[in-house]
Trainee: 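Let me give you the structure first, and then I'll get to my questions.
Every number for a ligand or one of its atoms is a count from 1 in the order of the listing.
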Amino acid sequence: MPGKHVAPVINNLDGFEENLPGYLSPEFPVAVLLDYDGTLAPIADNPAKTKMPVQLEAILHKIAKHPKVFLAVISGRGLKDVQQNVNIEGITYAGNHGLEIEYPDGSRHDYELPKEIQKNYTDMVQELKEKVERNGAWVEDKKVSLTYHYRDTPVDLKDQQKQLASEICKKYGFRANQAHEAIEAKPPVNWNKGEAALYILKQKFGDNWSQEVSVVFAGDDTTDEDAMRVLSGLGRSFRIAADPQIQTFADFRLPTQAVMTDLLKWIADVYVS
Ligand SMILES: O=P(O)(O)OC[C@H]1O[C@H](O[C@H]2O[C@H](CO)[C@@H](O)[C@H](O)[C@H]2O)[C@H](O)[C@@H](O)[C@@H]1O
């Protein structure tokens, strides 16, 4: 499997067809798997304040209705949280980095964490709240994974607080991923956005899914790299990142969140228009 690399950039709508001629076609279905924060909605200073750009939201609603388009949102947020924010019926949602999945018919797949990990999680939340929930930093407790937000912590205290928070997460056996002004603590299990993406694709299109459907994945963060890695050579993935030198498993880099709207326009142009 290829490693991370500096991916070619796509800057505008024309760039999609130029770089991926014929990858999408109206006769062949497409699975569109999308991250939420930083991908569908620009990063905001508080998770409660995000909003999808009006044009992007309208296109998303349009493609979601098309019978040849399968849409799933795979987020680090809790399941209900991401459902409320995206608010489109009839699509698949995965929350907590894929640990919780809900299908359009209301059925679910929940990754069952071993009891010991559940206990560690509870203890970790308590210790983080006691020791590092201060100076504007706070713990977003999502019941099976958490996010430690330190955006509002004074600059001179940030490094020391985030380091202590990472150490506490690791002490309880959790993985501490760097995110946007935050640390994502994920349980030590072989399940992540990549495994969730594969699971969703197999459930919908069968074991031979890669022969049955084109796959588009977009994300902006370290946790999205798990999906980009497993889809490498099987689908096409896009990393939203301003840094031209960023190392990624994605096939292409999108330099701004605005080009994300162009990605959805490309899909809409092929299937809907
Ligand atoms: O997988 P995602 O859908 O990208 O979710 C990742 C995390 O997003 C949220 O935190 C991030 O976005 C916030 C709103 O823009 C921002 O204020 C924060 O600094 C970011 O880290 C969310 O709060 C987390 O639960 C998600 O895991």
Trainee: Decide whether an N or O pair under 3.5 Å exists between Thr223 and ligand 1.
Mentor: no
Trainee: Any idea which protein heavy atom is nearest atom 20 (C) of ligand 1, and the distance to it?
Mentor: His180 O, 3.4 Å
Trainee: Enumerate the atoms of ligand 1 whose separation from the nearest heavy atom of Glu184 is less than 4.0 angstrom.
Mentor: 6 (C), 7 (C), 26 (C), 27 (O)
Trainee: Does the side chain of Glu100 pick up a donor-acceptor pair with the side chain of Tyr93 at under 3.5 Å?
Mentor: no
Trainee: Should you measure from each heavy atom of Thr147, which atoms of ligand 1 turn up under 4.0 Å away?
Mentor: 24 (C), 25 (O), 27 (O)
Trainee: Could you state the interatomic distance from CE (Met260) to CG (Leu40), rounded to the nearest 0.5 Å?
Mentor: 5.5 Å
Trainee: So is there a nitrogen or oxygen of Gly76 less than 3.5 Å from a nitrogen or oxygen in ligand 1?
Mentor: yes
Trainee: Determine, step by step, whether Trp191 and Tyr199 satisfy the ring pair (Phe, Tyr, Trp, His ring centres under 6.0 Å) criterion, reporting the C-alpha distance in whole Å, the side-chain angles of both residues, the deciding distance to 0.1 Å, and the verdict.
Mentor: CA-CA 10 Å; Trp191 196 263; Tyr199 184 86; 5.7 Å; yes
Trainee: Would you mind reporting whether Gln163 and Glu167 have side-chain heavy atoms less than 4.5 Å apart?
Mentor: yes
Trainee: Please confirm whether Tyr36 comes within less than 3.5 Å of ligand 1 when only nitrogen or oxygen atoms on both sides are compared.
Mentor: yes
Trainee: Near His149, which atoms of ligand 1 are under 4.0 Å from a heavy atom of that residue?
Mentor: 10 (O), 18 (C), 23 (O)
Trainee: If the cut-off is 4.0 Å to any non-hydrogen atom of Ala182, which atoms of ligand 1 fall inside it?
Mentor: 21 (O)
Trainee: I'd like to check which ligand 1 atoms, numbered from 1 as shown, lie under 4.0 Å from a non-hydrogen atom of Thr50.
Mentor: 14 (C), 15 (O)
Trainee: Within the 4.0 Å heavy-atom shell around Lys193, which atoms of ligand 1 are there?
Mentor: 1 (O), 2 (P)
Trainee: At what distance is the nearest protein heavy atom to atom 3 (O) of ligand 1, and which residue and atom is it?
Mentor: Ser75 OG, 2.7 Å
Trainee: Decide whether Asp221 and Thr223 meet the rule of one side-chain donor and one side-chain acceptor closer than 3.5 Å.
Mentor: no
Trainee: Is Asp269 salt-bridged to Lys265, going by a charged N under 4.0 Å from an acidic O?
Mentor: no
Trainee: Check whether the ring centres of Phe252 and Phe16 lie less than 6.0 Å apart, and answer yes or no.
Mentor: no
Trainee: Taking only heavy atoms of Asn46 into account, list the atoms of ligand 1 that are under 4.0 Å away from them.
Mentor: 17 (O)
Trainee: Can a donor-acceptor pair be found between the side chains of Asn208 and Glu212 at a distance below 3.5 Å?
Mentor: no
Trainee: Which ligand 1 atoms, with their elements, are less than 4.0 angstrom from a heavy-atom of Arg151?
Mentor: 16 (C), 17 (O), 18 (C), 19 (O)
Trainee: Return the residue, atom name and 0.1 Å-rounded distance of the protein heavy atom closest to atom 8 (O) of ligand 1.
Mentor: Asp37 OD2, 2.9 Å
Trainee: Which protein heavy atom lies closest to atom 4 (O) of ligand 1, and at what distance to 0.1 Å?
Mentor: Asp35 OD1, 2.6 Å
Trainee: Quick one: does ligand 1 sit under 4.0 Å from the side chain of Asp45, the backbone, both or neither, non-hydrogen atoms only?
Mentor: backbone
Trainee: Would you call Asp224 and Arg239 a salt bridge, using N to O less than 4.0 angstrom?
Mentor: no
Trainee: Using a 6.0 Å distance limit plus a 45 degree cone around the ring axis, check whether Arg77 lies over the aromatic ring of Tyr36.
Mentor: no
Trainee: Between Ala44 and ligand 1, does any nitrogen or oxygen pair lie at a separation below 3.5 Å?
Mentor: yes
Trainee: Determine the sole option in Val216, Asp226, Val215 for which the side-chain contact (heavy atoms from CB on, under 4.5 Å) test with Leu231 is passed.
Mentor: Val215
Trainee: On a heavy-atom basis, I'd like to know which of Glu140, Lys51, Glu181 is closest to atom 24 (C) of ligand 1.
Mentor: Glu140
